[in-house]
Structures are given as C-alpha cells and as structure tokens.
Amino acid sequence: MIRKIEELLINADPSSCVVLDQGFMIRCYNTVDLCTINKLTNDIDQPSDVIRSHLERLSKMKIDPCYRIVYDSSYQALDNELVRHGFNVIDRGVVMALRIENMERELFAFANFYEQGILSDEGISDEWFTDYRELAGMDEGYGDIFENNLKNSLEEKMSFGLLQNGRLIAMGYATFIKEYLIINRIFVEPRFRNLDYGKKLLKAMLIKGLLKGCKAALCDIREDEDEALNMVAKEGFERLYSYQLRSKKLQ
C-alpha cells in the first residue's frame, strides 16, 4: 500500500527529468541543485553500491542527492547505508488520507457555502500560473520550472482560487488519478490566514473529487507545517505513514 501511495504522489508532482537507476527513480526539478530519489522496489541487494553510483552520477550533474525514506522496515537497510555515507536528515513529512466515497451527504450539504467565492478551472491556465507564483512567493527561475513541469504533466488537474471582494486571496490545485484525489498545494495570503480560507478550498477540492468519482483523498505535508496538518486532521484526514528526507552536499 505504501508503494502504491508513493507512486500516486510522484505522478501528482511532475519533475523536469526522471532517471531510473537500479530500483530507484531520480527526479530532478531543475539543472542546478534540486532532486529527490525514490525507492521503487524492496529488493535492493547492495544498497551501498547503488548509493555510490547515484553519488557519481549526480556529482557530474552538480546536483545534491536527496533520498525519500519512509518509516517502514523495508527502508531500514537503505537508511543505515545512507547514515554510513554521511547523509543527514533535512526534512520530515507525513502522508495523510481521507475516504470520501461515503461522504456525499456531509459534503454536498455544505457545497453551496464552501464554494461561494471559489473559482475552479479544469486544467491550469496561464493566468492561474501568474497568480499562483505570486501568491506562493516563487522566484522567477523556480517559477518557470514549476510551470513547465505542470504543463507537461499528463495527469488530470484542477486549479482553485478564492476571491474576496473580487481579489484573489488563496489558491491551490489538485490532481485526479484513477480513484484518488491528490491535494497538491494550498496557499493563503499571509494576512488572511487563520480565517478558514484554506479549509474552504480544501472542502471545494473534496467536493470536486467526489463528483469525479474519487474514493479517497491524499495529501503530503511537511511535519513542521502545523497549521496544514491541523486543518486536514479536523476534516477527518488520518496519518497513513511518515517519512524523512536524507541529503548530502556533493559540491
């Protein structure tokens, strides 16, 4: 189940370049310094040799490796080898889930209220990217990469925006993959936080997911994002598993 969920999350978050290497997927988001390495199989005979091959490959590309390590026994040998190779934990996160297939009465009872002032758009328009990049505070370089990655993605996506007095104050987007709704991102303008605007966007996403026949919703949240974790927990999301990111500076 963990591997299936991890695959869904990978597909919902496209990268600029994907390399398959000995049971791992190296996902590069730009050509400077950002990548993640996801384990695709439990059968890794010589993790130390694989890690060395990754270090050699990424060092030539001037990219620092970052492994996504799930708290599961099948990752223990890899984690031990990463520690031996000098990899440090740089971040932690949790994957949360909610079954929505039997929530018709609850969600549709609030549909009109939660969708008031919310705009939704099939796909992601150029105007959406401009507003989203500004709201998320992305610098120009990463913003271009982010936009290009999403435009090249083949997965079905929907963007959501929350207006107040004709002004955009919150945005987010979701991905629909088979029977799953993936909550990718929700951003609220700082001075409008703690006013349930993120909750309104989340509810709108859940309603759209239900209308599209989704049975479950998933989201991947950093462990230190207390506000986001509390918001989804209050809506009934439960923790599926935790993970950590181990990285090492090569340059």
Side-chain angles (χ1 to χ4, degrees), residues 1-15 18-29 35-44 47 65-79 82 89-103 107 149-150 153-158 160 172-186 198 201-203 205-226 228-247:
M1 175 58 73
I2 288 178
R3 193 184 304 171
K4 178 180 179 180
I5 300 297
E6 287 286 284
E7 182 180 337
L8 290 167
L9 296 174
I10 287 173
N11 291 338
D13 182 24
S15 59
V18 172
V19 177
L20 298 179
D21 188 346
Q22 303 180 72
F24 290 82
M25 177 183 288
I26 302 175
R27 309 175 68 232
C28 302
Y29 291 86
C35 85
T36 61
I37 303 177
N38 301 72
K39 188 159 80 78
L40 302 178
T41 177
N42 292 335
D43 303 321
I44 308 295
C66 181
Y67 287 82
R68 182 175 169 107
I69 304 297
V70 173
Y71 290 125
D72 179 77
S73 58
S74 64
Y75 283 77
Q76 190 60 57
L78 173 62
D79 197 41
L82 290 173
V89 175
I90 62 168
D91 209 349
R92 291 184 171 89
V94 295
V95 175
M96 306 285 285
L98 173 68
R99 295 201 67 85
I100 62 174
E101 58 183 329
N102 297 318
M103 296 179 64
L107 289 175
N149 289 349
L150 261 66
S153 171
L154 299 179
E155 303 293 354
E156 181 185 2
K157 288 182 170 58
M158 179 174 282
F160 297 80
Y173 75 99
T175 305
F176 306 92
I177 304 177
K178 297 180 180 179
E179 61 191 39
Y180 291 90
L181 160 67
I182 316 296
I183 310 294
N184 295 86
R185 297 286 188 276
I186 294 178
L201 282 180
L202 176 61
K203 281 284 193 183
M205 291 176 175
L206 295 177
I207 291 166
K208 293 295 185 184
L210 196 59
L211 289 171
K212 287 181 175 289
C214 295
K215 295 182 179 180
L218 300 169
C219 57
D220 184 346
I221 302 176
R222 286 173 48 185
E223 199 172 67
D224 61 357
E225 294 181 332
D226 295 331
L229 285 171
N230 289 336
M231 178 181 71
V232 299
K234 288 179 180 178
E235 293 306 309
F237 281 77
E238 297 181 349
R239 182 184 297 244
L240 276 185
Y241 56 88
S242 302
Y243 65 88
Q244 62 187 15
L245 299 178
R246 282 196 181 273
S247 185

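A quick note: this is a predicted structure, and the numbers were derived from the prediction, not measured. For the single chain, residues carry numbers from 1 onward in sequence order.
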Working to the nearest 0.5 angstrom, can you tell me the gap between Cys219 SG and Leu9 CG? 9.0 Å
Enter the distance from Asp13:CG to Thr36:OG1 here, rounded to the nearest 0.5 Å. 7.5 Å
Closest approach of Lys157 to Pro14 (non-hydrogen atoms, all atoms of both residues): NZ-CD, 4.4 Å
Which atom names give the shortest non-hydrogen contact between Ala174 and Phe160, and what distance separates them? CB-CE1, 4.2 Å
Side chain to side chain, Ser74 and Arg3, heavy atoms closer than 4.5 Å: no
Closest approach of Phe176 and Cys214, non-hydrogen atoms and distance? CD2-SG, 3.9 Å
Look up atom CZ in Arg246 and atom CG in Leu78, then write down how far apart they are to the nearest 0.5 Å. 9.5 Å
Straight-line distance of Ile221 CD1 to Leu229 CG, nearest 0.5 Å: 4.5 Å
Test item: Lys208 side-chain N/O and Met158 main-chain N/O as donor-acceptor pair under 3.5 Å: no
If you define the side chain from C-beta out and look only at heavy atoms, does anything of Ile183 sit under 4.5 Å from Val232? no
Of all heavy-atom pairs between Tyr243 and Val94, which one has the smallest distance, and what is that distance? CE2-N, 3.7 Å
Nearest-0.5 Å distance that lies between atom CG in Leu8 and atom CD in Glu179: 9.0 Å
Nearest non-hydrogen partners of Asn184 and Ala12, listed with the distance: ND2-O, 2.8 Å
Any donor-acceptor N/O pair, Asp91 side chain to Arg222 backbone, under 3.5 Å: no
Pairing of Arg68 and Asp220 as salt bridge, 4.0 angstrom limit: yes
Do the side-chain N and O atoms of Gln244 and Tyr75 include a donor-acceptor pair separated by under 3.5 angstrom? no
Please report the interatomic distance CE(Met205) to CD1(Ile182), rounded to the nearest 0.5 Å. 12.0 Å
Run the side-chain contact (heavy atoms from CB on, under 4.5 Å) test against Ile90 and tell me which residues pass, sequence neighbours left out. Cys66, Leu245, Ser247
In this structure, are over 12 heavy atoms from other groups packed under 6.0 Å from Lys212 atom NZ? yes
For the student: nearest non-hydrogen atoms of Ala217 and Ile100, plus distance: CB-CG2, 4.4 Å
